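Scroll down for the structure; my scribbles are underneath it.
FYI, side chains are in, hydrogens and waters are out, and symmetry mates aren't considered; it's all heavy atoms of this structure. This is a predicted model, so every value here is computed, not measured. Throughout, a chain's letter reflects where its sequence line sits, starting with A, and its residues are numbered from 1.
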Amino acid sequence: MSEIEFHKKYKIEINDFDLKQTLECGQCFRYQKLDENSYIIVARERVLKIEQDNNFFTFYTSEEEFHSIWEDYFDLKNDYKAIKNLLAEKDEYLKKAVEEKHGVRIIKQEPWETLISFILSQTKQIPHIMALVEALSKAYGEYLGSYMGKEYYSFPGFEKLKRVSEEEYRALKTGFRAVYLFDAVKRANENLLDLEELRTKETGYIREELKKIKGVGDKIADCVLLFAYSRTEVFPTDVWIKRLMAHFYAIDESNTSLISKFAEEYFGELGGYAQQYLFYYGRDNKLGK
DNA sequence: GACCAGGGTAACT
DNA sequence: AGTTACCATGGT
């Protein structure tokens, strides 16, 4: 078991960015909190340690890797101050949400990991989702090293999952999602699903292609579009958002299509950002019951 | 033990 | 086209 050293460091000042908020807002499932100001994340076949001291961040990697990978991964070149200003002008709820959750950034995650993670997410609470993703990685991913008594594994690609049976997925406590996992892996391996090719396609086309996978509907497809393909105009509509839209804007929470239509007109191109600020703000403050 | 969790499907009206 | 039971599992 090789201990990861993290001997390289790159320190940089970044505004409108908060580690806790960005990692714990519900968009990603593979982070480990070390203490109040530092986290370990596993992404892109790597383990990264990050520390935050107000607006200063220490990335335990080279400056070169920060610029080639993590700056893009955390969407750090995007002007979130401008985005937050536009949202805050819309109404009091958004104003409060962007003020309280001022450091959220929409991470650019890998499409495959995002797809599988959100397939696993259905009718699960976030800690459970994290446990399932962890179990899947430990069972079929690559060992990347250990740090402070914890082992880290990469997220397994579809090639690595090619020979895995539904029963083996069930053994990981994935429940009825095992069939969905199996179908996604099968499609990817049979070239019926090419997530890299989809990257450049139109949003609507990507959504329809993703929905061909068993167990993938509008919500999961939209999460992949937002969190992996950076289609920041989409508005993933889950149980929380339904309740919150009823709470904030008096829209019937049982009418998902009406909520989507309202979001499209009201938030426009900023739908994805609005969704994430409202989701995190609402969930964290237990709004909408 | 009932009820719910970052949903989706199939079988109903 | 719009409801509803059900899916597997873990936590309150």
Worksheet item: Residues two or more places apart in sequence or in another chain: which of them pass ring pair (Phe, Tyr, Trp, His ring centres under 6.0 Å) with A:Tyr60?
Response: none
Item to complete: Provide, to the nearest angstrom, the distance between the CD1 atom belonging to A:Ile259 and the P atom belonging to C:dG2.
Response: 14 Å
Practice prompt. Would you mind reading off the distance between A:Leu181 atom CG and C:dC7 atom P, rounded to a whole angstrom?
Written response: 19 Å
I'd like the [atom1] distance from [M] over to [N], given in whole Å.
N: B:dC4; M: C:dC6; atom1: C1'; answer: 15 Å
N: B:dA5; M: C:dG2; atom1: P; answer: 24 Å
N: B:dA11; M: C:dA8; atom1: P; answer: 16 Å
N: C:dA1; M: B:dG6; atom1: C1'; answer: 26 Å

Does [X] make a cation-pi contact with [Y] (under 6.0 Å, within 45 degrees of the axis)?
X: A:Lys9; Y: A:Phe59; value: no
X: A:Lys95; Y: A:Tyr93; value: no
X: A:Lys90; Y: A:Tyr266; value: yes
X: A:Lys101; Y: A:Tyr280; value: yes

Response to the item:
Quick tally for nucleotides 4-10 of chain B: nucleotides whose base has a protein heavy atom under 4.0 Å get B, sugar-phosphate-only ones S, the rest -, giving -BBBSS-
I'd like a table of donor-acceptor pairs (distance under 3.5 Å, sequence neighbours excluded) in which one partner is a side-chain atom from residues 236-246 of chain A, with atom names and distances.
residue, atom, partner, partner atom, Å
A:Thr237, OG1, A:Phe235, O, 3.0
A:Asp238, OD1, A:Trp240, N, 3.1
A:Asp238, OD1, A:Ile241, N, 2.7
A:Lys242, NZ, A:Thr256, OG1, 3.2

Response to the item:
Mate of B:dC3 across any strand shown (Watson-Crick or G-U wobble, both atom pairs under 3.5 Å) is C:dG11
